[in-house]
Amino acid sequence: MEPTAQLPPQRDRQLDALRALAMIHIVCVVHVLYWYDAGGELARSALLFEMPCIFVIAGAAQSLGRGVPRLKRLVASRVRRVLLPFYVFLPALYLWLAFMTFFVPPTVEHHIDIRQFGLADVVRTALTCCCDKIPNYGYPWFISCYLAVTCSFPLQARLLRRVPGWAWLAANAAVVGLLTPVRLPFLENEIKNLPVYNFFFIAGYLYYRNIKKEALLAVGAVCTALTVWWFVDGVAMPMQGHKFPADIYFLVFGTAWVCMLALVFSRVSLPYPPLLRAWNERGYNIYLWQIFSAYAVFRITHLWIGSVSSAAARFAVYFLLTFVFNTLLSRFTYAAERKVLARLGV
């Protein structure tokens with residue numbers, strides 16, 4: 001039987017607010033901690049829960065749809081909403097790289113020379129891969145992973161009609177555990193990431209507003225106990241090493257955070273002011289274009305930020321500037337993106 005066509009999803013303002021907060025956490029907290037070395041390893045490792053939350057939210061959004069989308073329709077939708085905005089962004093990125101190469105003196109932190117790019121580098125960026133020749137350009141890995149997980153949803157929805165949801169999650173976790181000690185000869189990050197983020201996506205789809213508090217407490221308690229043990233033992237730090245490629249430690253760590261946050265936000269109704277609405281509606285655009293704001297923040301702060309002795313104060317400066325710059329920039333980049341896509345008939 002073919003899956004039924006999906007009607008427009010119901011609006012859930014709590015989920016919209018959570019998505020906005022997750023995007024702020026990615027851009028203004030996690031990337032600030034890593035890109036500007038604005039925190040110690042404990043903070044960087046402990047706060048690295050942003051992507052599990054994003055995939056849970058994506059799965060939860062699917063649970064609000066009336067029916068399961070057809071595969072072709074879902075793939076077409078993801079191409080329009082995810083790939084095409086990336087290809088609007090990509091020419092702007094290369095124009096910026098050329099400008100930086102020929103008109104801006106290099107710094108130690110931002111040495112950019114587009115003349116060093118080979119064909120392989122161009123192809124990799126065109127395929128949404130990261131590029132170590134572009135400072136702070138490690139984030140496009142998310143695009144291919146998100147596409148693979150979300151586009152497989154209609155197939156997984158069929159499977160979930162025959163297999164209990166908990167069993168499918170357990171199967172994903174088992175694959176993660178089996179792959180953790182294995183060194184893959186190619187595409188290790190890409191392959192190992194899929195079952196981890198699929199776990200969170202399906203968990204969001206199955207259990208958003210649909211899980212008993214006792215079950216959430218039990219799973220959260222076990223995962224939190226394991227996570228604390230690993231942090232005390234030192235196994236969990238740096239957590240970045242367990243995120244790329246994602247492994248069983250990262251899955252348990254992410255589950256602990258998701259359970260704790262779910263317990264909190266099941267009891268707390270979030271407001272949805274205009275700023276959160278902007279970060280929800282323009283979140284993916286901000287995610288793509290954040291490299292420009294990051295460079296602006298660096299140029300503004302690099303000559304004097306070292307004189308700020310307090311690590312908390314430095315982080316606060318970076319956070320506020322990153323939040324403000326990305327919010328303002330998105331007003332222009334999002335409008336430009338919409339215009340380009342409209343001209344393409346999208």
Side-chain angles (χ1 to χ4, degrees), residues 14 16-57 89 96 107-110 130 134-142 231 237-240 243-244 253-254 257-258 260-261 264-265 268 270-334:
Q14 182 83 345
D16 288 340
L18 287 171
R19 187 184 295 107
L21 290 175
M23 294 308 304
I24 292 170
H25 182 71
I26 292 171
V27 175
C28 302
V29 176
V30 174
H31 289 173
V32 161
L33 287 171
Y34 279 90
W35 292 0
Y36 306 109
D37 195 22
E41 187 54 56
L42 178 59
R44 291 194 293 183
S45 292
L47 295 176
L48 205 63
F49 57 84
E50 74 290 0
M51 285 303 169
C53 290
I54 281 292
F55 277 88
V56 167
I57 290 169
F89 156 77
W96 178 68
T107 65
V108 174
E109 296 84 356
H110 285 82
C130 308
I134 307 174
N136 300 333
Y137 194 66
Y139 57 87
W141 70 268
F142 163 80
F231 268 90
M237 292 196 298
M239 184 56 71
Q240 185 85 330
K243 181 182 178 182
F244 296 110
F253 162 81
W257 266 109
V258 166
M260 287 191 295
L261 293 171
V264 171
F265 291 117
V268 176
L270 291 170
Y272 192 54
L275 272 177
L276 284 188
R277 184 177 296 111
W279 276 78
N280 176 43
E281 294 173 353
R282 308 176 205 158
Y284 181 56
N285 178 273
I286 292 171
Y287 185 83
L288 290 176
W289 294 78
Q290 64 181 304
I291 190 170
F292 301 110
S293 295
Y295 182 72
V297 171
F298 164 75
R299 296 301 302 185
I300 286 174
T301 60
H302 78 287
L303 291 178
W304 57 269
I305 197 71
S307 63
V308 179
S309 58
S310 168
R314 288 197 301 273
F315 174 82
V317 169
Y318 284 130
F319 176 91
L320 289 172
L321 288 175
T322 300
F323 180 80
V324 170
F325 277 37
N326 279 287
T327 302
L328 294 176
L329 179 64
S330 69
R331 296 186 64 181
F332 302 98
T333 57
Y334 186 73

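The structure displayed is predicted, hence computed values, not measured ones.
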### Query
Which atom pair, heavy atoms only, marks the closest approach of Gly39 to Arg44?
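Smallest interatomic distance, heavy atoms only, reads O-NE, 3.8 Å.
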### Query
Can you list the residues that meet the side chain to side chain donor-acceptor pair (under 3.5 Å) rule with Ser293, with sequence neighbours excluded?
Asn326
### Query
Does some side-chain heavy atom of Trp279 sit less than 4.5 Å from a side-chain heavy atom of Cys28?
yes
### Task
Just do the side-chain contact (heavy atoms from CB on, under 4.5 Å) check on Arg282 and Arg331 with the steps written out, would you?
CA-CA 8 Å; Arg282 308 176 205 158; Arg331 296 186 64 181; 3.3 Å; yes
### Query
Is a side-chain donor or acceptor of His25 paired with a backbone partner of Leu47 at a separation under 3.5 angstrom?
yes
### side-chain contact (heavy atoms from CB on, under 4.5 Å) between Leu48 and Gln240, intermediate numbers included
CA-CA 8 Å; Leu48 205 63; Gln240 185 85 330; 3.3 Å; yes
### Query
Can you check whether Ile286 reaches Met23 side chain to side chain, under 4.5 Å on heavy atoms?
no
### Query
When rounded to the nearest 0.5 angstrom, what distance separates CD1 in Ile26 from CD1 in Ile54?
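The CD1 atom of Ile26 sits 4.0 Å away from the CD1 atom of Ile54.
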### Query
Any sub-3.5 Å donor-acceptor pair from Arg314's side-chain atoms to Val308's backbone N or O?
yes
### Message
Could you check whether any side-chain heavy atom of Tyr318 comes within less than 4.5 Å of a side-chain heavy atom of Asp37, counting everything from C-beta outward?
### Response
no
### Atom of Ile57, atom of Ala22 and distance for their closest heavy-atom approach
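What the structure gives for the nearest pair is CD1-CB, 4.1 Å.
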#### Entry: Donor-acceptor side-chain pairing of Ser330 and Asn285 below 3.5 angstrom
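Result is no, nothing qualifies.
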### Query
In terms of the angle between their ring planes, are Phe244 and Trp141 parallel, tilted or perpendicular, with boundaries placed at 30° and 60°?
perpendicular
#### Entry: Taking every non-hydrogen atom, the tightest pair across Cys130 and Gly138
SG-O, 2.9 Å
### Task
Begin from the C-alpha positions of Ile291 and Tyr139 and carry the test side-chain contact (heavy atoms from CB on, under 4.5 Å) through to its verdict.
CA-CA 10 Å; Ile291 190 170; Tyr139 57 87; 3.5 Å; yes
### Query
Mind checking whether Gln290 and Leu329 have side chains closer than 4.5 Å, heavy atoms only?
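Counting from C-beta outward, Gln290 and Leu329 never come under 4.5 Å.
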### Message
For Tyr272 and Asn280: C-alpha separation, side-chain torsions, deciding distance, then whether side-chain contact (heavy atoms from CB on, under 4.5 Å) applies.
### Response
CA-CA 10 Å; Tyr272 192 54; Asn280 176 43; 2.9 Å; yes
### Query
Any side-chain heavy atom of Phe323 sitting closer than 4.5 Å to one from Leu275?
yes
### Message
Strictly distance-based, threshold 3.5 Å: is any side-chain N or O of Tyr36 a donor or acceptor partner for the main-chain N or O of Ala294?
### Response
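Looks like yes, one N/O pair under 3.5 Å.
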### Query
Does a side-chain heavy-atom distance below 4.5 Å link Met239 with Phe231?
yes
### Query
Is any side-chain heavy atom of Gln14 closer than 4.5 Å to a side-chain heavy atom of Leu18?
yes
### Mutual orientation of the aromatic rings belonging to Phe298 and Tyr295 [parallel < 30°, tilted 30-60°, perpendicular > 60°]
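Because their plane-to-plane angle lies in the 30° to 60° range, the rings of Phe298 and Tyr295 count as tilted.
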### Message
Check the orientation of Phe55 and Phe142. Use parallel for under 30°, tilted for 30 to 60°, and perpendicular for over 60°.
### Response
perpendicular
### Message
My understanding is that only residues two or more places apart in sequence, or in another chain, count here; which of them pass salt bridge (charged side-chain N to carboxylate O under 4.0 Å, His left out) with Arg19?
### Response
Asp16
### Query
Under 6.0 Å between ring centres, would you say that holds for Phe332 and Trp289?
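Aromatic pair excluded; centres sit 6.0 Å or further apart.
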### Query
Mind checking whether Glu50 and Val27 have side chains closer than 4.5 Å, heavy atoms only?
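Glu50 vs Val27: side chains apart.
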### Message
Minimum heavy-atom separation for Phe49 and Pro52, please, with both atom names.
### Response
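That closest heavy-atom pairing would be O-CD, 3.3 Å.
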#### Entry: Value rounded to 0.5 Å, distance of OH in Tyr137 from CH2 in Trp35
10.5 Å
## Note on the structure
Rounded to the nearest 0.5 Å, the CG atom of Leu270 sits from the CG atom of Leu21 at a distance of 6.0 Å
### Query
Is Arg299 atom CZ crowded by more than 12 heavy atoms from other residues, nucleotides or ligands, each under 6.0 Å away?
yes
